[in-house]
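All residue numbers refer to positions in the sequence shown, counting from 1. These numbers come from the heavy atoms of this one structure, side chains and all, not from hydrogens, waters or symmetry mates.
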Amino acid sequence: MPTADELLSADTVSNLARLLARAARRPDSPALRARAATLGGLAFSGRVTAVRDAVLADLPDDWPAFEAVLRTALEDPGFAGWMTFPVNEAVGVRGLAAFEPGLALLRDLTPRLTAESAVRPFLRADPARALAVVRGWTGDPDPHVRRLASEGTRPRLPWAPQLPAFIADPRPAVPVLDDLHRDESEYVRRSVANHLNDISRDHPALAVEIAAKWRTDPAATTDRVVRHGLRTLVKAGRPDALTLLGHSPDVEVTVSGPVVTTPHVAVGGYLVFDYAVTHTGAFPAELVVDYVVHHVKANGARTPKVFKLTTRGMAPGETLTGTKRHSFKPITTRRYHSGEHLVQLQVNGRVRGEAAFTLDATP
């Protein structure tokens, strides 16, 4: 993961200051110039906000003049990459008063670097009005613009403000996904799948319904989109999602394991376990084999986290065997606690075996 300084450095902001001053036909961009010298210690989000505010301070207050400067800047091929990210955010502030012209400017900016976060103030302020514009982007010749339609309307886009209206009811944005799920660009289709996965977190039945509709007239790429879009439901063992993808929760299997070979694990080490899954049914079957680690929390309760092992077709009588090494290396998104943990094997969404192990999280 690039550092904040690698994404939005002092040099990048200084270059932006020169470029916008030239586009505005001014000798300098004083707020940006001053901000470039004071970025040290700021995380990426803090840098984006600080540079956005400097852009707003340096550029004209009225929308037509503000837009004119940025459209002049777009004529410069050097106006690209991470320097444009806080500029997009500035459009998300000042463009709200103009609305449709603000969205049009973001459409033209997004090929330089995605405006997926900057469109969200428009969608929060007036979802129906914004969607009327965004839906038109699904036919744009530029895949960056088509992706903006899908990615910008995601209910739970990471590192961006959520869209409460679409979390409550994602259906108004579904026509965008219907337009794009067969897109020629993998870049766009992956965004569609991630949007469907967002929907599945709050409205699982709707997500399965959408996926089933797409599969009635599939393209060669539809299965991959649907599988990626329903991945959270598959991990959660939701029967309708598994059945749609051809993974019967009632598949006939016998399971050996997990057999833990490291009963005591220290943070920084590995849990190691063996497993064997035999298909005992009379016909070939598609198996999704996952494992679930139940981490001990600070209060002593456990919380499960599902991890992928494999997805594969198996013939009657066939046995799948393997050994898994699961890392307990420290990560920023999880704090480990000492105590007895559990690991389970899950086949087509159903737990088929479990074993305990002890984690030592002392320094």
A.B. asks: Do L109 and F79 have side chains that approach each other closer than 4.5 Å (heavy atoms only, starting at C-beta)?
C.D. replies: yes
A.B. asks: Establish, yes or no, whether a centroid distance under 6.0 Å links the rings of F99 and F122.
C.D. replies: yes
A.B. asks: Any side-chain donor-acceptor pair under 3.5 Å between T49 and R52?
C.D. replies: no
A.B. asks: Would you tell me whether T362 and D360 have side-chain atoms, one donor and one acceptor, within less than 3.5 Å of each other?
C.D. replies: yes
A.B. asks: Once the angle between the rings of H341 and F357 is folded into 0 to 90°, is it parallel (under 30°), tilted (30 to 60°) or perpendicular (over 60°)?
C.D. replies: tilted
A.B. asks: For L244 and L242, what are the C-alpha separation, side-chain angles and deciding distance, and is it a side-chain contact (heavy atoms from CB on, under 4.5 Å)?
C.D. replies: CA-CA 5 Å; L244 179 66; L242 287 160; over 6 Å; no
A.B. asks: Tell me whether E67 is salt-bridged to R94, with the criterion being a basic N under 4.0 Å from an acidic carboxylate O.
C.D. replies: no
A.B. asks: Quick one: are the ring centres of Y291 and F273 less than 6.0 Å apart?
C.D. replies: yes
A.B. asks: Quiz question: by atom type and distance under 3.5 Å, do the side chains of S117 and E89 form a donor-acceptor pair?
C.D. replies: yes
A.B. asks: Determine, step by step, whether E184 and R189 satisfy the salt bridge (Lys or Arg N to Asp or Glu O under 4.0 Å) criterion, reporting the C-alpha distance in whole Å, the side-chain angles of both residues, the deciding distance to 0.1 Å, and the verdict.
C.D. replies: CA-CA 8 Å; E184 64 184 19; R189 295 194 305 272; over 6 Å; no
A.B. asks: With no hydrogens and no angle check, do the side chains of H195 and E151 hold a donor and an acceptor under 3.5 Å apart?
C.D. replies: no
A.B. asks: State whether the number of non-hydrogen atoms from other residues, nucleotides or ligands found under 6.0 Å of R171 atom CZ is greater than 12.
C.D. replies: no
A.B. asks: When you compare the side chains of N194 and H228, does any donor N or O come within less than 3.5 Å of an acceptor on the partner?
C.D. replies: yes
A.B. asks: Looking at W82 versus F44, is the centre-to-centre ring distance below 6.0 Å?
C.D. replies: yes
A.B. asks: Excluding sequence neighbours, so at least two apart, what forms side chain to side chain contact (heavy atoms under 4.5 Å, CB included) with V253?
C.D. replies: V251, V255, V277, L287, V347, R352
